[in-house]
S.K.: 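Quick one: the structure is below, questions incoming.
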Number of protein chains: 2
Amino acid sequence: MDPHLLRTFVAVAEAGSFSAAAERLGYTQSAVSQQIAALETDLGLRLLRRRPVEPTEAGARLLEHAGPLLLRLRAARADVLRTAALPAHRLTLAAAPLALNPVLSARLARGRAEQPRLRVRLRTTGRDVVAAQVAAGEADLGLTDGITAPSDPLRLPDAGPMTRVGVSEEELVVALPPGHPLAGRTGLRLADLVDARWLATPLCPLERLRDLVGDGFRAGLDYQGEDVHTVRNLVAAGHGLTLLPASAGAGVPLAAPRLVHRVELLHPSLPPGPAARLAAALSPPPS
Amino acid sequence: MDPHLLRTFVAVAEAGSFSAAAERLGYTQSAVSQQIAALETDLGLRLLRRRPVEPTEAGARLLEHAGPLLLRLRAARADVLRTAALPAHRLTLAAAPLALNPVLSARLARGRAEQPRLRVRLRTTGRDVVAAQVAAGEADLGLTDGITAPSDPLRLPDAGPMTRVGVSEEELVVALPPGHPLAGRTGLRLADLVDARWLATPLCPLERLRDLVGDGFRAGLDYQGEDVHTVRNLVAAGHGLTLLPASAGAGVPLAAPRLVHRVELLHPSLPPGPAARLAAALSPPPS
DNA sequence: GCGGGTCCATCAGAGATGCTTATATCAGGT
DNA sequence: ACCTGATATAAGCATCTCTGATGGACCCGC
């Protein structure tokens, strides 16, 4: 279970081919073949069916573990190396599309004003990639978002010890196409919308809704991206309803159940320095 | 960052000595020295101060990562191997001391009655060891417990993908020494007890209470064990108050905030078989 | 201050690992 | 059957990683 072997196993499974994986990894096909063989004899069972190359049941199980494992390994390395790094004057902030809402944009502006010499690079990435990037040291700070009950933490993929602070919670609205019969309401209950057609999006997955309210929520279009503009266009075109934070556009406030759009700030344990000051600036002012 | 090296690094840090770690691992002292040197040159910084042997800051950081990492590695291996294992007629259930309350004991009895030929081995372990044992395959099913808001999941150390099902939630009581002025009440609010002296126990850590209610909760005795009988004796002797599930003994019901003693069933993804049937028996009957 | 004991670092060599190159083997299509 | 595209195996070589021996730093009692 050498991580090295794990890495090539993942590559082979993804590529669907020993030779392709070998090329991607800079090995010969023979080396890859031997590495997979080594893994298989170590575990005593087949991980891949050949021709075509696809994971066996055991292999599928291993694949589930391998990703997080390799991520944590990179995270550990990054975290250790960070202790030696000098406080930089340039830092990277990774944010999910809906995470940098007006409130946080304003706080970010204030934070930058406090440290004029600090160069900030902002990067928008997928919601669940943020944690991975912070863990792996590819970003110094991260902002992710999601839908939860008030003051509940987000469910995030685990990428090692990391500080998580809720920095913003905002009302949700139901995004409806213009002219929708319910568009004039002043508030909607989720339970009243179980029979509607819903977009499946990463922000607002249908299983989450079903968990909260019960069965229903017919699936409309399944949208895999995270682009808010696109989502709103899809809603307008009648592909289905979805939930959005109030600041992301018009809609009817969600009255029940009590859910919020929550943004969390993610970062490794920070030594005092520019990064820590910016993190403080992004956090809600102490009441 | 070979796990092999990580393992010896942890061993050295724990043993506080290269030679002692070497003996424990079955290596020579020389090998251990070389392994640590390899890790240090790989990362480009010192992980241990020598004479006496103690982790540097970077080393301490690495130590935090190493444990969970190695655990997940073992978990992955165990999980993969499990796909090949035949359904056994003997399985091990790991339970925290307070997890197997009357309700669950009864469900366990019913489950065993359903499968008379199934031999069940029950093991009581520390609350956070349960997850590790299940992940590492040392137990087939696990029951942990903790204090949360109703229907909130427990905060558990992450040990890889694992199914978690809430199987029981029970009212909490404040355990008081006999003759305590508040002992006659019919209900107590946590906020009214911020100034009392509290036991610090793994089930009811004071930081958790402070998170929920605010500062206060003076620390009495710090009890590291998990033995309920001992805890009750400590309370009776006036070392401090604590929260217990109602079924664990007399006390005054906790009226606010709304908290429960929650028990969760942990298990890897189970193929249909005796283990899955027992897991079903332990889960609450569908309403 | 000196000698012995303890502990970690270093060195040299034996054996195991893990790569590459070359070749064998296999499955499927024609 | 034969060719093609693919994985498996074999042999050779470089590297890695142990062991055992030795060296150097520190602590302690005398």
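Note on naming: letters A, B, ... go to the chains in the order of the sequence lines (proteins, then strands), and numbering restarts at 1 for each one.
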S.K.: State, yes or no, whether a side-chain contact exists between Leu48(A) and Glu54(A) at a heavy-atom distance under 4.5 Å.
M.R.: no

S.K.: Would you name the heavy atoms of Met162(B) and His267(B) that are closest together and state the gap between them?
M.R.: CG-O, 3.5 Å

S.K.: Among residues 7-28 of chain A, which contact DNA chain C at a heavy-atom distance under 4.0 Å?
M.R.: Tyr27(A), Thr28(A)

S.K.: CZ/Arg46(B) to CD/Glu57(B) distance, rounded to the nearest 0.5 angstrom?
M.R.: 15.5 Å

S.K.: Take atom CD of Gln29(B) and atom C1' of dG24(D), then tell me their distance rounded to the nearest Å.
M.R.: 13 Å

S.K.: Checking side-chain polar atoms at under 3.5 Å, does Arg61(B) have a donor or acceptor matched by the opposite partner on Ser269(A)?
M.R.: yes

S.K.: What is the separation between atom CD on Gln35(B) and atom P on dC16(D), rounded to the nearest whole Å?
M.R.: 15 Å

S.K.: Going by heavy atoms closer than 4.0 Å, what residues in residues 38-50 of chain A are next to DNA chain C?
M.R.: none

S.K.: Touch check for Val53(B), heavy atoms < 4.0 angstrom, all strands: base, sugar-phosphate only, or nothing?
M.R.: sugar-phosphate

S.K.: Leu5(A) has an atom CG; how far is it from atom P of dT17(C), in whole Å?
M.R.: 12 Å

S.K.: Heavy atoms under 4.0 Å, any strand shown: does Gln34(B) hit a base, just sugar-phosphate, or nothing?
M.R.: base

S.K.: Do Ser30(B) and Gln34(B) have a side chain donor and acceptor closer than 3.5 Å?
M.R.: yes

S.K.: Can you tell me if Ser33(A) touches the phosphate of dA8(D), counting only side-chain N or O atoms and a distance under 4.0 Å to OP1 or OP2?
M.R.: yes

S.K.: Atom CG of Asp2(A) to atom C1' of dA16(C): distance rounded to whole Å?
M.R.: 14 Å

S.K.: Would you tell me whether Thr144(B) and Glu264(B) have side-chain atoms, one donor and one acceptor, within less than 3.5 Å of each other?
M.R.: no

S.K.: What's the closest nucleotide to the His4(A) side chain, out of dC18(D), dT21(C), dC19(C)?
M.R.: dC19(C)

S.K.: On a heavy-atom basis, which atom in Glu226(B) and which in Arg127(B) lie closest, and how many Å separate them?
M.R.: OE2-N, 3.0 Å

S.K.: Are Leu6(B) and Leu62(B) close enough that some pair of their side-chain heavy atoms sits under 4.5 Å apart?
M.R.: yes

S.K.: Is there a side-chain contact between Asp140(A) and Leu93(A) in this structure, where contact means two heavy atoms from C-beta onward sitting under 4.5 Å apart?
M.R.: no

